Amino acid sequence: MKISILQVAYKNLLRKRTRSVLTVLGIAMAAWVLVSLFGFNKGYETSLNRDIDNLGFQMLVIAKGCPYEAATLMLKGGTGLKYLKEEIVDRIAREPEVDGVTPMLMQVAFDPNKGESGGLAVYQGVDPKTFPRMKSFLKFKNGGWFSDPGAAEAVFGYEAAELEQREVGDMYLIPEKDVEVKVVGVLERTGTQDDGSIFLPIGAVQKIFGIKDELTGIGIKVKKDADIAKFEAKMFELPDVQVVSLTQVKNTIMTLVATARVMVLSIALIAILIAMMGVVNTILMSVMERRQEIGILKSMGAMASDIFKLVWIETLILCAAGGLVGSLMALVTARITDVLVRKLLPYAPSGGLVRIEPGLVLTTLGLVTLIGLLSGVYPAWKAGRVRPLESIRSEEAS
Amino acid sequence: MSDREKMVIEAEDLVRVYKRGAEEIRAVDGVSLSIGEGEFVSVIGPSGSGKTTLINVLGCLDNPTSGRLLLDGRPVFENCRALSEASLTRVRREVFGYIFQKFYLIPTLSVLENVVLPFTFYKKPDASEDVSRVLDILGILNRKDHLPGELSGGEMQRVAIARALVNKPRILLADEPTGNLDTKRSAEIGGILDDLNRQEGLTVVLVTHNPVLAARAHRTIELRDGRVLS
């Protein structure tokens with residue numbers, strides 16, 4: 001029978017269980033922050049890209065106002081605050097860079113039955129001819145798009161249908177206006193803001209809300225080979241409108257997120273340094289406590305390199321366990337992190353904000369293990385230098 | 001034991017000086033002795049006489065300050081020069097087995113695991129991985145799966161002896177092995193050392209305060225103030 005150095009190292013750590021567990025937890029916290037942070041970075045970017053791609057258009061023309069407010073509103077499901085003339089649609093559509101345009105009219109009504117004290121119901125007036133073509137990825141759970149451009153009909157997003165408890169064929173009363181529309185379609189879940197939207201034909205919204213020849217926004221799909229910058233400049237020449245390029249919005253949001261990320265990364269690095277100090281402290285203390293025993297191991301034939309290896313393995317076990325526990329914690333708490341981050345951010349895209357992939361977990365484990373190896377060098381070197389005589393010296397010389 | 005061929009340890013004018021502040025303590029002060037193969041030698045003397053220091057130097061756990069030390073006729077220390085730490089480790093694992101007053105068992109390893117621990121670092125080609133015989137001789141075979149905390153002091157010292165024996169040492173150095181044991185357990189450990197010497201032909205060097213235990217040896221070396229009296 002033989003006992004491996006790994007077993008000896010593991011059993012050594014079991015001696016002071018509380019201390020070992022606390023050290024593992026310290027490393028786990030650092031690993032948790034790291035995995036969550038990088039997972040958030042990846043998830044946020046992916047979700048933001050998907051949200052923007054799922055809009056179906058790359059540019060939005062709206063009435064003059066704050067572009068970031070407009071972009072935020074748009075990403076949250078709205079299409080702008082002020083109105084622009086419907087005639088602009090044709091002017092834009094004639095531009096050679098344009099692949100397609102879709103006019104939109106967003107309206108709100110106060111619904112006293114929404115929530116505890118009532119709330120705003122948002123209606124998206126969309127063009128039945130162009131909107132479905134631009135959002136070709138939208139699939140119906142039941143029913144389909146409107147039967148005619150002015151029909152008093154509605155298409156519900158997946159969540160909106162659940163919230164209002166409506167199915168195809170049901171009638172839906174628009175509060176304040178006392179107008180009933182028929183539900184003709186319920187969309188499948190998309191994971192985007194469309195899930196919570198109620199779509200009506202733009203003509204019906206104009207009629208119900210008494211708006212004539214006006215829109216809140218125009219979505220533009222630009223041709224793939226078009227010069228977007230040149231086209232943007234051309235759009236700015238139109239009176240009283242502004243153009244929001246979603247690539248620009250995306251970059252601005254990502255820059256803001258990157259700034260926040262640098263800050264959080266600094267905190268994570270501090271956490272790692274503290275954890276590293278904890279590991280060095282734990283192992284060094286354990287080496288000091290076991291000086292006599294290390295001396296005995298040397299007297300039974302262990303070389304300095306064997307003792308170095310033993311102590312190094314102990315450090316490695318602590319760090320690898322911490323990395324593993326931290327990664328698991330990050331996986332388990334990804335949903336909670338998602339909710340918390342969503343509360344802190346001014347704008348958060350729909351879908352998962354924290355995306356933890358196997359590659360990320362492996363990278364973190366590798367990093368934490370590397371930290372373990374570095375942290376273990378000094379205590380292991382110190383242990384390797386213990387002379388066998390140490391084992392006897394504390395006993396009174398006789 | 002005058003036959004030089006059979007000498008395993010030879011010490012000539014060994015000196016070990018410690019410094020405590022400005023004071024110099026000559027713990028071993030010009031000791032010359034020889035120990036033959038298969039001998040059972042006890043080292044006795046009052047506290048502070050240099051017994052432990054001497055056995056540490058003879059066992060290559062500590063270097064002398066001056067003098068000459070030979071193992072099997074080969075110099076380990078002479079002309080104020082010692083072997084390197086790695087070479088000393090090789091000598092220690094090839095030649096010696098050590099038993100101390102404290103048992104130094106690893107509390108989270110079972111008796112069996114503690115006994116085979118030396119194999120983790122080094123195993124002599126002629127040492128058997130089956131340690132049941134050693135455990136049986138020492139009467140702890142039935143305790144092999146127990147943790148040290150579940151054993152009596154006597155049993156723990158037996159485990160420490162078993163651990164010192166698994167790599168088939170040629171010389172067993174025992175420093176106060178019964179210091180923590182009562183009279184009955186001390187007698188048992190004395191009996192075991194005696195048997196190992198008589199039946200296995202093991203060279204035993206025993207440091208003790210216990211006159212009964214010392215009387216089991218073939219020869220007794222008495223130390224006082226770092227010098228050999230007899």
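Only a predicted model underlies this, so the values are computations on that prediction, with no experimental measurement involved. Chain identifiers are assigned alphabetically (A, B, ...) following the order of the sequence lines, protein sequences preceding nucleic acid strands; residue numbering begins at 1 within each chain.
B/Ser132 contributes atom OG, which lies 11.0 Å from atom CE of A/Met1 (distance to the nearest 0.5 angstrom). We find the OG-CG distance between A/Ser299 and B/Leu88 to be 13.0 Å, quoted to the nearest 0.5 Å.
Few gaps surround OH on B/Tyr122; more than 12 heavy atoms of other groups in view lie less than 6.0 Å from it. Heavy atoms of other residues, nucleotides or ligands lying less than 6.0 angstrom from CZ of A/Arg15 number more than 12. Within a 6.0 Å sphere centred on CZ of B/Arg227, other residues, nucleotides and ligands contribute 12 heavy atoms or fewer. By the neighbour-count criterion of 12 heavy atoms within 6.0 Å, atom NZ of A/Lys382 is sparsely surrounded, having that number or fewer from other residues, nucleotides or ligands. Within a 6.0 Å radius of NZ in B/Lys123, more than 12 heavy atoms belonging to other residues, nucleotides or ligands are found. Residue-environment remark: NZ (A/Lys16) stays at or below the threshold of 12 foreign heavy atoms within 6.0 Å. Other residues, nucleotides and ligands contribute at most 12 non-hydrogen atoms within 6.0 Å of the CG atom of B/Asp225.
Using a 4.5 Å heavy-atom threshold, the side chains of A/Pro388 and B/Glu85 count as touching. Residues A/Ile5 and B/Phe121 have side chains in contact (heavy-atom distance under 4.5 Å, counting atoms from C-beta outward).
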Going through the distances and angles, do B/Asn63 and A/Arg387 end up as a side chain to side chain contact (heavy atoms under 4.5 Å, CB included)?
-> CA-CA 11 Å; B/Asn63 285 322; A/Arg387 301 207 56 209; 4.1 Å; yes
Derivation and outcome, side chain to side chain contact (heavy atoms under 4.5 Å, CB included), residues B/Ile106 and A/Glu293 | CA-CA 8 Å; B/Ile106 295 184; A/Glu293 197 179 285; 3.6 Å; yes
Can you check side chain to side chain contact (heavy atoms under 4.5 Å, CB included) on B/Thr120 and A/Leu297, steps first, answer last?
-> CA-CA 10 Å; B/Thr120 305; A/Leu297 294 181; over 6 Å; no
Could you walk me through whether B/Glu113 and A/Ile3 pass side chain to side chain contact (heavy atoms under 4.5 Å, CB included), step by step?
-> CA-CA 6 Å; B/Glu113 288 169 334; A/Ile3 181 165; 3.8 Å; yes
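Residues that satisfy the ring-ring contact (aromatic ring centres under 6.0 Å, His included) test with B/Tyr98, not counting sequence neighbours, are B/Phe96.
Contacts between residues 157-171 of chain B and chain A, counted as heavy-atom pairs separated by less than 4.5 Å, involve B/Arg163.
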Considering only distance and modelled atom types, tabulate donor-acceptor pairs under 3.5 Å from the side chains of residues 264-277 of chain A, sequence neighbours left out.
| from | atom 1 | to | atom 2 | distance (Å) |
| --- | --- | --- | --- | --- |
| A/Ser266 | OG | A/Val262 | O | 2.7 |

Would you give me the side-chain donor-acceptor pairs under 3.5 Å for residues 306-316 of chain A, sequence neighbours excluded?
| from | atom 1 | to | atom 2 | distance (Å) |
| --- | --- | --- | --- | --- |
| A/Asp306 | OD2 | A/Met303 | N | 2.8 |
| A/Trp312 | NE1 | A/Leu373 | O | 2.7 |
| A/Glu314 | OE1 | A/Arg290 | NH2 | 2.8 |
| A/Glu314 | OE2 | A/Asn12 | ND2 | 3.0 |
| A/Glu314 | OE2 | A/Arg290 | NH1 | 3.2 |
| A/Glu314 | OE2 | A/Arg290 | NH2 | 3.2 |
| A/Thr315 | OG1 | A/Val311 | O | 2.9 |

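With a 4.5 Å cut-off on non-hydrogen atoms, A/Ala304 does not touch chain B at all. For B/Glu94, no part lies near chain A; criterion is any non-hydrogen pair under 4.5 Å.
In terms of heavy-atom pairs under 4.5 angstrom with chain A, the leader among B/Ala27, B/Gly59, B/Ala86 is B/Ala86.
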